[in-house]
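Comments concern the structure below.
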Amino acid sequence: MKKYTTVQYKVNMIRPDIAPGRLRLAFLTDLHNCENAPKNQQILDDIREADPDLILCGGDMLVGSLNTPFEAAVELLTTLVQEYPLYHALGNHESRLMRYPHQYGLMYQDYTETLMEAGVLFLDNQSELICIKGIPLQVAGLTLPQRFYRRIARDKLRAEDILDDLGEPNPKALNILLAHHPYHMEAYRNWGADLTLCGHYHGGMVRFGKHTGLLAPDVRFLDEHCHGLFDFHARITEGQVVGYDSHVVVSAGLGEHSLPIRFHNPRELVFVDLELSRK
């Protein structure tokens with residue numbers, strides 16, 4: 001069994017063009033087909049108690065390895081989508097299955113078709129405009145090619161690359177970007193995401209303070225962006241910070257694989273409370 005904690009972030013956003021309001025998001029990522037209890041019942045209970053308006057899945061809910069089961073992930077998500085709107089972006093594990101069917105057979109097709117039949121909406125370099133509690137949301141899922149995940153000689157993502165895949169952010173909506181890899185958060189905010197949700201780093205295995213991890217999966221030591229909430233582009237009124245233009249949440253994830261090492265770095269279920277104001 002995989003124990004975890006719940007983490008709640010409060011994000012204040014100033015958008016003069018959008019009606020004030022509040023939303024709660026549940027963010028699930030990097031489950032890697034783990035179970036914290038039979039049928040992941042504790043995750044279901046915690047989500048139901050928090051009662052989010054929307055569930056967003058950041059990818060790597062399964063393990064991208066031949067003949068590796070993914071029933072735990074499917075059962076959890078098919079249960080949740082009966083109760084909440086649920087959007088699923090692709091992590092590097094889902095992307096691997098999708099790009100190499102000659103190696104992994106029908107694993108990606110079986111996984112996605114099962115979930116889509118249940119009502120899960122996949123965002124593979126796609127976006128969806130929805131309105132919740134009168135607040136317009138443009139939810140986008142960015143699927144990164146393998147060259148942006150490489151451990152050595154990794155390509156640097158630019159805002160222009162995101163434009164090629166997703167187009168311009170919606171100027172009349174709150175733009176939420178599901179982008180699995182936190183290394184490229186500069187490009188995400190330069191593209192124009194109001195809120196970006198990432199995973200992938202598993203908290204850096206061993207965490208120091210709020211943000212720094214010992215070792216990221218792309219073999220980078222003491223990275224300062226392995227976990228937590230990051231705020232960018234402060235808005236200042238009368239000498240006081242009243243808000244930020246862009247926010248990035250990096251989750252430590254609900255599971256792991258290969259090297260299941262964690263110290264001062266629990267698995268986590270993330271909730272984000274958004275509060276919008278006009279000034």
Verify the distance criterion only: is there a donor paired with an acceptor across the side chains of [X] and [Y] at less than 3.5 Å?
X      : Y      : answer
Thr6   : Asp46  : no
Tyr201 : Arg220 : yes
Glu75  : Asn40  : no
Ser127 : Gln138 : yes
Asn265 : His227 : no

[X] side chain to [Y] main-chain N or O, any donor-acceptor pair under 3.5 Å?
X      : Y      : value
Tyr87  : Gly58  : no
Ser246 : Ala193 : yes
Trp191 : Asp161 : no
Arg48  : Ile43  : no
Asp194 : Asn175 : yes
Gln126 : Ala140 : no
Glu35  : Lys39  : yes
Asn33  : Ala73  : yes
Arg15  : Ser277 : no

Practice problem: Begin with the C-alpha distance, continue with both residues' side-chain angles, and end with the deciding distance and a verdict on side chain to side chain contact (heavy atoms under 4.5 Å, CB included) for Phe208 and Leu222. | Solution: CA-CA 9 Å; Phe208 305 97; Leu222 299 176; 3.9 Å; yes
By ring-ring contact (aromatic ring centres under 6.0 Å, His included), Phe70 pairs with (sequence neighbours left out) Tyr111
Hits for ring-ring contact (aromatic ring centres under 6.0 Å, His included) against His225, two or more places apart or cross-chain, chain-then-number order -> Phe230
Considering residues, nucleotides and ligands other than [X], do more than 12 of their heavy atoms fall under 6.0 Å from its [atom1]?
X      : atom1 : answer
Arg150 : CZ    : yes
Arg278 : CZ    : yes
Glu160 : CD    : yes
Glu224 : CD    : no

| field | side chain to side chain contact (heavy atoms under 4.5 Å, CB included) assessment of Leu28 paired with Leu56 | value | CA-CA 6 Å; Leu28 287 66; Leu56 300 172; over 6 Å; no
For [X] and [Y], I'd like to know if the aromatic rings sit close, meaning centre-to-centre distance below 6.0 Å.
X      : Y      : result
Phe148 : His181 : no
His32  : His257 : yes
His247 : Tyr9   : no

Looking at [atom1] of [X] and [atom2] of [Y], how far apart are the two atoms once the value is rounded to the nearest 0.5 Å?
X      : Y      : atom1 : atom2 : result
Leu274 : Leu25  : CG    : CG    : 4.5 Å
Met13  : Ile135 : CE    : CD1   : 10.5 Å
Ile55  : Leu80  : CD1   : CG    : 4.0 Å
Leu90  : His88  : CG    : NE2   : 7.0 Å
Leu62  : Cys34  : CG    : SG    : 11.5 Å
Met205 : Leu214 : CE    : CG    : 7.0 Å

Please give me the minimum heavy-atom distance between [X] and [Y], naming the atom from each residue.
X      : Y      : value
Phe27  : Ser251 : CE2-CB, 3.8 Å
Leu77  : Val120 : O-CG2, 4.3 Å
Leu123 : Val139 : CD1-O, 3.6 Å

Can you find a pair of side-chain heavy atoms, one from [X] and one from [Y], that are under 4.5 Å apart?
X      : Y      : answer
Ile132 : Leu137 : yes
Lys156 : Glu186 : yes
Ile47  : Gln42  : no
Asp60  : His180 : yes
Val248 : Cys198 : yes
Glu268 : Tyr4   : no
Leu144 : His184 : yes

Closer than 4.0 angstrom, basic N to acidic O: yes or no for Lys10 and Glu275?
no
- Message: Between the side chains of Lys133 and Asp53, is the shortest nitrogen-to-carboxylate-oxygen separation below 4.0 Å, so that they form an ion pair?
- Response: yes
Go through the steps for Arg267 and Asp30 under the test salt bridge (charged side-chain N to carboxylate O under 4.0 Å, His left out), then give the verdict. CA-CA 9 Å; Arg267 302 165 190 88; Asp30 296 279; over 6 Å; no
Walk me through whether Tyr149 and His200 qualify under ring-ring contact (aromatic ring centres under 6.0 Å, His included).
CA-CA 10 Å; Tyr149 282 104; His200 188 56; 5.1 Å; yes
Apply the test side chain to side chain contact (heavy atoms under 4.5 Å, CB included) to residues Ile130 and Leu54: give CA-CA distance (whole Å), side-chain angles for both, the deciding distance (0.1 Å), then the verdict. CA-CA 10 Å; Ile130 58 177; Leu54 178 66; 4.2 Å; yes
- Go through Thr79 and Val81 one step at a time and tell me if the side chain to side chain contact (heavy atoms under 4.5 Å, CB included) criterion holds. CA-CA 6 Å; Thr79 301; Val81 79; over 6 Å; no
